[in-house]
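Report on the following structure.
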Amino acid sequence: MTAVTIGKFDGFHLGHQLLLRKLQEFSDSEKVVCKIDLTGPGLLTPEEQDVFVESMGIQRLERIPFTQEFASLSPEAFVEEYLVRRLNLKHLVVGEDFHFGYQRKGTVNTLKELGDRFGFTVSAVSKLKMDGSPVSSTRIRACYTEGRIKEAERLLGHPVMIQGIVRHGQELGRTIGFPTLNLIPDEEKLLPVFGVYASTVETPEGTFRGITNIGNRPTVHEGTDVTVETYLPGFQGDLYDREIKVVLSDYIRSEQRFDTVEHLQEQIKKDIQFLDYT
């Protein structure tokens, strides 16, 4: 028998974490997060989702692709096919405003009625609010769009970070005195607005403060490829082909094109000074 919570879970923000903590209370059951997978990049990559769910003491993360066939299921068919037959449901945890099934006709009351029929209990968790407004993925995505990284982190309950393997780039930063660590971001990872950020970088050599640029590098590059490049003041090591984690701590400025490389150099020096105040 299983205890299940179900939702889109984009980012596993603080509101989602309330559901997971409620799920943990059912010690007599295997605990399962049932995630409705939408298309497009998310606040966390699938790999990051797996790691987060495991860190919360949940045994399984089940993904359900949001297909046309899935969207056409009635509330009753969804519960019977996906939750009762596939997961052997005993306890269900959802948000108080949860809707499901064709045209979102199913509600918490629908679930309770089906629970009586199929033999499972339903726990409805109240919506979490911060600063008078509900915590939601939509709200966090707006923070990303506007560069409000500190607020996004507060709503998520965990850092805004990008991780990956350091790759060789064009090494133009090295030629102007600011060698960078280059990451190619996962296509399934939603990135905040292009710009320059104060960051903390976790590496096999230790943790360092840095300046991270997310974008297309318009001053030195004419392409459209998105890169994540981080300069670590004073760092002399070699991290090529090693995994690092870039934790964004604050938004400094928008990405911009400079007339000359010299102007870019001067601006980077100013950006570095920002680290002294964060």
Side-chain angles (χ1 to χ4, degrees), residues 2-24 30-89 91-108 110-111 114 122 125 127-128 134-145 152 155-158 160-164 184-192 226:
T2 60
V4 177
T5 186
I6 183 169
K8 298 175 184 175
F9 296 120
D10 184 14
F12 286 101
H13 56 61
L14 286 176
H16 296 148
Q17 291 172 41
L18 287 181
L19 300 178
L20 269 59
R21 290 193 179 93
K22 181 64 178 178
L23 198 66
Q24 292 170 340
E30 180 187 21
K31 288 165 277 294
V32 179
V33 170
C34 195
K35 183 182 185 306
I36 309 301
D37 264 354
L38 304 178
T39 58
L43 295 169
L44 294 178
T45 66
E47 180 181 359
E48 291 166 349
Q49 294 163 11
D50 290 338
V51 171
F52 185 83
V53 167
E54 183 179 357
S55 74
M56 293 288 290
I58 308 299
Q59 284 85 10
R60 291 166 58 191
L61 174 59
E62 293 284 338
R63 292 185 170 87
I64 301 177
F66 189 78
T67 62
Q68 189 65 40
E69 178 183 0
F70 175 80
S72 66
L73 286 174
S74 69
E76 293 82 0
F78 165 71
V79 169
E80 184 171 8
E81 179 178 344
Y82 282 89
L83 301 183
V84 176
R85 291 183 179 176
R86 297 190 185 187
L87 296 179
N88 196 20
L89 177 66
H91 306 289
L92 181 62
V93 178
V94 294
E96 61 182 354
D97 59 347
F98 182 70
H99 288 76
F100 66 103
Y102 180 64
Q103 295 183 339
R104 293 169 52 83
K105 291 182 178 180
T107 66
V108 171
T110 308
L111 287 172
L114 293 170
V122 179
V125 177
K127 196 86 170 178
L128 176 66
V135 175
S136 69
S137 299
T138 300
R139 183 176 171 187
I140 295 168
R141 283 172 174 259
C143 291
Y144 271 45
T145 300
L155 297 173
L156 283 166
H158 54 80
V160 177
M161 58 89 176
I162 306 159
Q163 58 187 1
I184 305 299
D186 192 312
E187 292 182 355
E188 296 185 90
K189 177 79 169 184
L190 180 69
L191 298 176
V226 177

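Side chains included, hydrogens not; waters and symmetry mates left out as well; all remaining heavy atoms used.
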Close side-chain approach of [X] to [Y], heavy-atom, < 4.5 Å:
X	Y	result
V125	V94	no
I6	Y82	no
I140	L156	yes
H16	S137	yes
T5	L92	no
L155	L14	no
F100	L73	no

Of the non-hydrogen atoms in [X] and [Y], which two are nearest, and what is the gap between them?
X	Y	value
G106	P75	N-CG, 3.6 Å
F52	L20	CE2-CD2, 4.3 Å
G95	L19	N-CD2, 3.8 Å
L128	G15	CD2-N, 3.8 Å

query = In this structure, are over 12 heavy atoms from other groups packed under 6.0 Å from E54 atom CD?
reply =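 It does not: E54 CD has 12 such atoms or fewer within range.
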ask   = Are more than 12 heavy atoms from other residues, nucleotides or ligands located less than 6.0 Å from atom CD of E47?
value =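 At most 12 heavy atoms, drawn from other residues, nucleotides or ligands, come within 6.0 Å of this atom.
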Which residues pass the side-chain hydrogen bond (donor to acceptor under 3.5 Å, both in side chains) test with [X], not counting sequence neighbours?
X	value
K127	D97
Q163	none
D10	R141
H91	T121

Point-to-point distance, once rounded to the nearest 0.5 Å, from [atom1] of [X] to [atom2] of [Y]:
X	Y	atom1	atom2	value
T110	E76	OG1	CD	7.0 Å
H13	R139	NE2	CZ	10.5 Å
S74	Y102	OG	OH	11.0 Å
H99	L111	NE2	CG	10.5 Å
I58	E30	CD1	CD	10.5 Å

task = Would you check, one step at a time, whether the test side-chain contact (heavy atoms from CB on, under 4.5 Å) holds for V79 with V84?
result = CA-CA 6 Å; V79 169; V84 176; 4.0 Å; yes
Result block: side-chain N/O donor-acceptor pairs under 3.5 angstrom for residues 62-71, not counting sequence neighbours:
| residue | atom | partner | partner atom | Å |
| --- | --- | --- | --- | --- |
| E62 | OE2 | R60 | NE | 3.2 |
| E62 | OE2 | R60 | NH2 | 2.5 |
| R63 | NH1 | D50 | OD1 | 3.4 |
| R63 | NH2 | P46 | O | 3.0 |
| R63 | NH2 | Q49 | OE1 | 2.9 |
| R63 | NH2 | D50 | OD1 | 3.2 |
| T67 | OG1 | F70 | N | 3.1 |

ask   = Between F12 and F9, how do the two ring planes meet: parallel, tilted or perpendicular, split at 30° and 60°?
value =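 Geometry flag for F9 against F12: parallel rings.
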In residues 31-45, what donor-acceptor pairs under 3.5 Å come from side-chain atoms, sequence neighbours left out?
| residue | atom | partner | partner atom | Å |
| --- | --- | --- | --- | --- |
| K31 | NZ | S29 | O | 3.2 |
| K35 | NZ | K8 | O | 3.2 |
| K35 | NZ | D37 | OD1 | 2.8 |
| T45 | OG1 | E48 | N | 3.1 |

